[in-house]
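Below: the structure, in C-alpha cells.
Atoms within a ligand are numbered from 1 in the order they appear, just like the ligands themselves.
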Amino acid sequence: MNIILLGPPGAGKGTQARRLVEERGMVQLSTGDMLREARTSGSEMGKKVAAVMDAGQLVTDEIVIGLIEEKILEGNSAGYIFDGFPRTLGQADALNALLERNGVKLDTVVEMQVDDSALVARISGRFTCGNCGEVYHDETKPTQADGVCDECGSTDLKRRADDNAESLKTRLMEYYKKTSALVGYYYARGELQSVDGLQGVEEVAADISKALA
Ligand code: ADP
Ligand code: ADP
Ligand code: ZN
C-alpha cells in the first residue's frame, strides 16, 4: 500500500505517519526530514536550502523530486507514506511519472483537514526527539519525565528553527498558494479521501485506517 498524507504544516502528518510505520511496517518518506538531515550533515544541498527552509518557503521541485527518486529506486515492499511530498502540482506530476516508471501504484491520498487557528497552537508547541524522531507537544503530548524522550530515553529534545509565528505565516501562505491545489488535483483523479484532523490523535488514526481499508 502506498499513500500520500496531505495537509498544511502542523496538520499531524508526521505523527500519523510514524504510527503507520509502527503498525504496518510502511516506510515514511518525509522530504522535510530528509532536508533537515541534509542540513545536519553539512552537504552542499543542505547549505543551499537552509535559509529558504528557515524563512518558511518551499525549496525547489528539483531538489525534493531528486530526494524522493533516490528512495523509490532503493525499492521496498511494505509501501510508502509520502509525508509532506508532493507540495506543488509539478511535484505531483513528477511523482506520478516516477511511480509509473517503477511499477509502484498509489493507493490513496489522505487529506488531513485542520483549521488554520489550530495550526498555530500545534506548531508553536511542537518539539521532537533528535534521536528517535518522536513528535511531542507542550500541551497535548508532553514527555512523561521532563526533558526525556518516552520512547528512547534521549535528552536531545529539539524545537525546529522554522516553528515560529513569523515563519508559520509564510508556510501557510506557501501552502495555500502552491499546495492546496493538490486537493482538487487528487479529487479529480478519484484518489482523495479527507479526514477530520482536529480530532485527537487516536480518532484521526482510526479514520485513516478506515480510509486505507
Ligand atoms: P511541516 O511538518 O511543518 O509540514 P516539513 O517538515 O514537511 O514541514 O517541511 C519543512 C520545510 O522543508 C518546508 O517549510 C520547506 O521549506 C521544506 N520542504 C519540505 N518538503 C518540501 C517539498 N515537498 N517541497 C518543497 N519544500 C519542502
Ligand atoms: P505535520 O507533520 O503535519 O507538520 P506533526 O505531526 O508534526 O504535523 O504535528 C504537529 C504538532 O501537533 C505536534 O506537536 C504534534 O504532537 C501535535 N499533534 C499532532 N496530531 C495532533 C492531534 N490529532 N491533536 C492534537 N495535537 C496533535
Ligand atoms: Zn526518542
Side-chain angles (χ1 to χ4, degrees), residues 4-19 28-39 46 48-68 81-92 94-95 110-115 118-143 147-164 167-175 178-179 182 195-208:
I4 294 173
L5 292 181
L6 182 62
K13 304 180 295 294
T15 298
Q16 296 297 333
R18 287 180 63 81
R19 285 185 65 116
Q28 177 186 11
L29 298 184
S30 159
T31 41
D33 287 349
M34 294 176 207
L35 291 166
R36 279 185 290 277
E37 270 159 35
R39 291 179 63 171
K48 208 163 108 185
V49 298
V52 174
M53 289 177 74
D54 288 344
Q57 288 157 357
L58 295 187
V59 310
T60 63
D61 284 356
E62 196 189 355
I63 288 177
V64 287
I65 292 165
L67 287 170
I68 290 289
I81 307 157
F82 296 97
D83 162 11
F85 179 92
R87 265 173 147 104
T88 65
L89 291 166
Q91 291 176 25
L95 180 62
V110 179
E111 180 207 2
M112 302 177 63
Q113 297 179 324
V114 175
D115 290 351
L119 297 176
V120 180
R122 287 207 182 165
I123 293 272
S124 53
R126 167 162 66 186
F127 62 99
T128 56
C129 173
N131 180 50
C132 73
E134 186 66 6
V135 185
Y136 293 97
H137 190 279
D138 292 324
E139 270 105 50
T140 60
K141 198 190 176 214
T143 52
V148 184
C149 176
D150 297 351
E151 296 296 317
C152 74
S154 169
T155 52
D156 181 23
L157 300 176
K158 302 192 216 181
R159 283 176 205 271
R160 278 168 46 177
D162 58 343
D163 276 351
N164 59 72
S167 155
L168 179 61
K169 256 191 237 164
T170 311
R171 283 153 74 194
L172 265 184
M173 194 57 85
E174 290 281 82
Y175 180 79
K178 298 174 184 167
T179 308
L182 295 183
V195 304
D196 175 6
L198 276 175
Q199 307 174 95
V201 172
E202 299 299 325
E203 287 77 17
V204 176
D207 282 358
I208 292 177

Can you tell me if [X] uses its side chain to pair, donor with acceptor, with the backbone of [Y] under 3.5 Å?
X: K158; Y: F127; value: no
X: R87; Y: L58; value: no
X: S167; Y: D163; value: no
X: H137; Y: A121; value: yes
X: D115; Y: A118; value: no

Q: Compute whether any side-chain donor of one residue and acceptor of the other, for D150 and T143, lie under 3.5 angstrom apart.
A: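 The criterion, which ignores hydrogens and geometry beyond distance, is not satisfied for T143 and D150.
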Q) Between Q113 and D196, do the side chains contain an N or O donor and an N or O acceptor separated by less than 3.5 Å? A)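 Side chains of Q113 and D196: no pair found under 3.5 Å.
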Q | Heavy-atom neighbours of E62 CD exceed 12 at 6.0 Å | A |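 Result for CD/E62: open.
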(Q) Could you identify the single nearest non-hydrogen protein atom to atom 12 (O) of ligand 1 and state the distance to 0.1 Å? (A)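 The closest one turns out to be M53 CE, 3.5 Å.
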(Q) Please list the nearest protein heavy atom to atom 3 (O) of ligand 1 with its residue and the distance rounded to 0.1 Å. (A)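 Answer for atom 3 (O) of ligand 1: R171 NH2, 2.5 Å.
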Hey, which atoms in ligand 2 end up nearer than 4.0 Å to a heavy atom of [X]?
X: Y136; result: 13 (C), 14 (O), 16 (O)
X: V135; result: 7 (O), 13 (C), 15 (C), 16 (O)
X: H137; result: 14 (O), 16 (O)

Using a strict cut-off of 4.0 Å, indicate which atoms of ligand 1 neighbour a heavy atom of [X].
X: G84; answer: 20 (N), 21 (C), 22 (C), 23 (N)
X: Q91; answer: 22 (C), 23 (N), 24 (N), 25 (C)
X: R36; answer: 6 (O), 10 (C)
X: L35; answer: 12 (O), 17 (C), 18 (N), 19 (C), 27 (C)
X: P9; answer: 3 (O), 4 (O)
X: L58; answer: 25 (C), 26 (N)
X: T31; answer: 19 (C), 20 (N), 21 (C), 22 (C), 23 (N)
X: Q57; answer: 15 (C), 16 (O)

Less than 3.5 Å between some nitrogen or oxygen of [X] and one of ligand 2, yes or no?
X: G125; answer: no
X: D83; answer: no
X: G14; answer: yes
X: V204; answer: no

(Q) Can you tell me which residue among R18, K13, Q28 is in a side chain to side chain donor-acceptor pair (under 3.5 Å) with D83? (A)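 Option passing the side chain to side chain donor-acceptor pair (under 3.5 Å) with D83: Q28.
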(Q) By the definition side chain to side chain donor-acceptor pair (under 3.5 Å), identify the one residue from D61, T179, T60 that meets it with T88. (A)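 Among D61, T179, T60, the one that satisfies the side chain to side chain donor-acceptor pair (under 3.5 Å) with T88 is D61.
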Q: Show your working on salt bridge (Lys or Arg N to Asp or Glu O under 4.0 Å) between R159 and D138 and close with a plain yes or no.
A: CA-CA 11 Å; R159 283 176 205 271; D138 292 324; 2.8 Å; yes
Q) Any side-chain heavy atom of L89 sitting closer than 4.5 Å to one from L182? A)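 They are in side-chain contact.
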Q: Evaluate the side-chain proximity of T140 to R122: yes if any heavy-atom separation is below 4.5 Å, no if none is.
A: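 No, too far: nothing below the 4.5 Å cut-off.
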Under-4.0 Å heavy-atom contact with ligand 2, by part of [X] that carries it:
X: F127; result: neither
X: Q199; result: backbone
X: V201; result: both

Q | Candidate with minimal heavy-atom separation from atom 13 (C) of ligand 1, of M34, R87, R126 | A |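 Looking at heavy atoms only, the winner is R87.
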Q) Any idea which part of V64 is under 4.0 Å from ligand 1, heavy-atom wise: side chain, backbone, both or neither? A)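 Contact part for V64 vs ligand 1: side chain (C-beta onward).
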(Q) Please determine whether any non-hydrogen atom of G7 lies less than 4.0 Å from an atom of ligand 2. (A)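 No, G7 has no heavy atoms under 4.0 Å from ligand 2.
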Q: Mark the output for K178 as yes if a heavy-atom distance to ligand 1 is under 4.0 Å, and as no if none is.
A: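 Heavy atoms of K178 never come under 4.0 Å of ligand 1.
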Q) With a 4.0 Å cut-off on heavy atoms, does K13 reach ligand 1? A)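 Judged by the 4.0 Å heavy-atom criterion, K13 does count as contacting ligand 1.
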**Q.** Sidechain N-carboxylate O distance under 4.0 Å for E202, R19
**A.**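 Salt bridge between E202 and R19, a charged N being under 4.0 Å from a carboxylate O: yes.
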Q) Do NZ/NE/NH1/NH2 and the carboxylate oxygens of K141 and E134 come within less than 4.0 Å? A)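 Result for this pair is yes, salt bridge flagged.
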Q.
For ligand 1 and R160, I'd like to know whether there is a polar contact (N/O to N/O, distance under 3.5 Å).
A.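 In this structure, R160 places an N or O atom under 3.5 Å from an N or O of ligand 1.
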Q) Are any of the N/O atoms in V59 less than 3.5 Å from those in ligand 1? A)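 Such a contact does occur with ligand 1.
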